[in-house]
4 protein chains.
Amino acid sequence: MNHLNSMEPGPRPVTPPGPDVSRRSGRAHKAILAATRELVAEVGYQRLTIEGIASAAGVGKQTIYRWWRSKAAILFDAVLDANSQEDGSVELPNTGDVEADLRLVLRESVAAMVDPDNDRLQRAITAEIQTDLAVAGELVRRLLRPQLDATQARIAAGIRDGQVDGSVDPGMVAELLFGPVFHRWLLRTGDLDDAFADGVLDLVLTGIRPR
Amino acid sequence: MNHLNSMEPGPRPVTPPGPDVSRRSGRAHKAILAATRELVAEVGYQRLTIEGIASAAGVGKQTIYRWWRSKAAILFDAVLDANSQEDGSVELPNTGDVEADLRLVLRESVAAMVDPDNDRLQRAITAEIQTDLAVAGELVRRLLRPQLDATQARIAAGIRDGQVDGSVDPGMVAELLFGPVFHRWLLRTGDLDDAFADGVLDLVLTGIRPR
Amino acid sequence: MNHLNSMEPGPRPVTPPGPDVSRRSGRAHKAILAATRELVAEVGYQRLTIEGIASAAGVGKQTIYRWWRSKAAILFDAVLDANSQEDGSVELPNTGDVEADLRLVLRESVAAMVDPDNDRLQRAITAEIQTDLAVAGELVRRLLRPQLDATQARIAAGIRDGQVDGSVDPGMVAELLFGPVFHRWLLRTGDLDDAFADGVLDLVLTGIRPR
Amino acid sequence: MNHLNSMEPGPRPVTPPGPDVSRRSGRAHKAILAATRELVAEVGYQRLTIEGIASAAGVGKQTIYRWWRSKAAILFDAVLDANSQEDGSVELPNTGDVEADLRLVLRESVAAMVDPDNDRLQRAITAEIQTDLAVAGELVRRLLRPQLDATQARIAAGIRDGQVDGSVDPGMVAELLFGPVFHRWLLRTGDLDDAFADGVLDLVLTGIRPR
DNA sequence: TTTTAAACGAGACGGTACGTCCCGTCTTCAA
DNA sequence: TTGAAGACGGGACGTACCGTCTCGTTTAAAA
């Protein structure tokens, strides 16, 4: 199980997701995250309350406070839990065609943002981290950085292949790809779809092709 | 005064919804927006309360509820009030040098985001519009769109000048410029400074120069 | 017109119910008292508000505050207005038969208390005077004392007639008659009807017949 | 402790309505009633507020609303708590002398009404029950009826002793005694003292002595 | 097995803020 | 010039949740 409850130190000095902790709380833990996801999707983040989660999960409030520091931390774990791969690491496909691989990952991002349940969950956590720096850092470290790094790695590979100009900064390119998509999604400045993702990608590719 | 209070009707010919704006007390209105800005900067958005605003502004709560629908709406007017130009329209300089002009506007955006008071205010409103669609639309219409449109217009002018390739979509380019900056600012994925802005601009320019 | 607005000094040093005062406020004045009576009957005293009276009477709030000091004062005038004889004085009939005369007045009191609209109005003013001593005194002076005094006078006449024993205190007897009726009405300790009034009267008469 | 909290269910076998009384915090409960009594005595009923009680008792508002339905209900419990005998039942002394026994109870009533703290409390609850029928019924059942019934019983005993005429209705006599005292107290139509109580008693006794 | 300590559900507690209702005063505007 | 309309600063309402704190009751480990 890769659930990483990184927001909470737990009653013991260090509380990795050790077996004895999980043993006890397993049922409650799952129920809480599931209830959180359902409630966010159902009533929205603004109306999400700890008491609501507790009662929907059939759990005492204290059980929530025992394991999470804040609503943001629960939300974060709920997002992580939903997005969880086995180890949190992300790797882009490398088909040998940079354009195709980037197109795929960008479209996947769009699809994730467009899915209604995910949309609410992501917006909730995005709003929350404006206030909660600890969760913000964790989110970047655990979800955003891996994605950006993987993209960056794929572009670096493209440079080695000769599909991308050697003078470009792969990290910058990654942000150039995801930034506009995120911007459009979060601020709703326009329709977010594959066409937009493709448009971004095409423009960026034009700028980074070997000269 | 050109304050644009877009959340409520304004003294338009027909004003069926909302109270009679002409009766509004200018003193109270100003005090509320000022108090809101001060409090957001001081205690942060999460701890910003209507009661706090009312008491800081020396105003009854009802006076706030009479003119604003939600905390988001107050925040929005506070932002608008702070950013207000004479007519809300934005125009980029046109020195004849696209690169220089875009660099200027992008660096200005970075500067605005980096300013601590502005940072908190902008984060607050960004968080809030995840929930409040009415304010979200208004924000885009009144603040974001004008900025994007002006940038787009400058790029279109660049095409006419022959400084930008005729095949590119100026609107897409505008989002390619602001998206990564916004992304880095909001999610704190890295340092936000002129160097980053320049990096984004250079990469984008590479892609849109006449071929 | 015998309306005596005794609760308020008015904007002039002394404001007897002079014609020029009435001239101005006549319409509004009447409308306010009527609206008060209607609203008390309709929504009860607890939910009676000045704003409600003003809007029901089609009158500005200020107009009410100009002429009355408190809600109790309006209520009081409304009661007075409803009970008003030409001069506020009360006189019991003297048919020559003390028993018959007292029975009549006691039954009339019961009838007034039992009438639903009057009931609410009287309860409202009774509740209010627990707090507002000025109105309390006025009420006693203008409504209760005259009634008690008239009753006392009829009993004194009975003594002169030889129908009542000379040793009794007529004032005490009057309170002995009204006290139990009022007690039963206000506290709802039992059914209030003519039978009860008759029972009280019979018992009292037994005690005061010439010996 | 014989506190009789008649406004909520109490630990009876079946307690469907209301929260689980057994969980009630004794400390909070006592503090609320004490604070209520103090505040009524201090600022009067009109200025008594739930918020005031809560803060004087060092208690959250919700704790009050959890256990009492209305301000009247708190007031009522405060009165009950102050008047509480071991079991709520009242029994008059029977010294063998009806007159002496009734004189005692009537004078005690007067003394209770005249005591300043009690006066305010009693007036407050009397005003409040004009509006709140549930509390009104409870008050009669728990405080007034027992008193009247005990008086009635003493009079009935007087009949058996031959001190009271057999034809009189003992219940009516009880009301004839308390009614005038209550009337004078509540409406302040005159001085309330032992002399008045004695006067009422003498007149009534004259009417009910064996003939 | 039995004991026993933790984690658990439930929910009362002292609080803070909410959004609403009125208060009594003050201001505006149309008749 | 008045008076209806209603905005204003303010206080209290009753409600929703917060995060903490008992309460018994499981329950799973150590004894």
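Chain identifiers are assigned alphabetically (A, B, ...) following the order of the sequence lines, protein sequences preceding nucleic acid strands; residue numbering begins at 1 within each chain. Given the structure is predicted, the values throughout are model-derived calculations rather than measurements.
Contact annotation: Arg27(B) side-chain N/O to dG9(F) OP1/OP2 distance is under 4.0 Å. The phosphate of dG9(E) (OP1 or OP2) has a side-chain N or O of Thr63(A) nearer than 4.0 angstrom. Contact between the side-chain N/O atoms of Arg66(A) and the OP1/OP2 oxygens of dA7(E) is not found at any separation under 4.0 Å. Not one side-chain nitrogen or oxygen of Trp68(A) sits closer than 4.0 Å to the OP1 or OP2 atom of dG19(F).
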Donor-acceptor pairs are to be reported for all side-chain atoms of residues 46-54 of chain B against protein atoms at under 3.5 Å, with residues two or more places apart or in another chain.
unit_1	atom_1	unit_2	atom_2	d
Thr49(B)	OG1	Gly52(B)	N	2.8
Glu51(B)	OE2	Lys61(B)	NZ	2.9

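The interatomic distance linking Ile50(D) (CD1) with dG11(F) (P) rounds to 18 Å, in whole Å.
Among the heavy atoms of the strands lying under 4.0 Å from Gly58(D) are primed sugar atoms or P, OP1, OP2 only; no base atom is included.
Judged by closest nucleotide on DNA chain E, Gly52(B) is the one of Gly52(B) and Arg47(C) placed further toward the 5' end. Closest-nucleotide positions on DNA chain F for Ala28(B) and Ser70(A) were compared, and the one nearer the 5' end corresponds to Ala28(B). Between Lys71(C) and Val59(D), the residue whose closest nucleotide on DNA chain E is further toward the 5' end is Val59(D).
The Glu51(A) side chain lies nearest to dC18(F) when the options are dC18(E), dG24(E), dC18(F). The listed nucleotides are dC13(F), dC17(F), dA12(E); the one nearest the side chain of Thr49(D) is dC13(F).
Residues passing the salt bridge (charged side-chain N to carboxylate O under 4.0 Å, His left out) test with Arg120(B): none are found, sequence neighbours excluded. Partners of Ser55(A) according to the side chain to side chain donor-acceptor pair (under 3.5 Å) rule, which considers only residues two or more places apart in sequence or in another chain, do not exist here. Every residue meeting the side chain to side chain donor-acceptor pair (under 3.5 Å) condition with Arg123(D), not counting sequence neighbours, appears here in chain and number order: Gln130(C), Asp119(D). Applying the side chain to side chain donor-acceptor pair (under 3.5 Å) criterion to Ser70(A), with sequence neighbours excluded, gives Asp132(A).
Using a 4.0 Å cut-off between a side-chain N of Lys or Arg and a carboxylate O of Asp or Glu, Arg37(D) and Asp81(D) qualify as a salt bridge.
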Check the interface with nucleotides 26-31 of chain E: list each N/O to N/O pair with the protein under 3.5 Å, or write none.
unit_1	atom_1	unit_2	atom_2	d
dC26(E)	N4	Gln62(C)	NE2	2.3

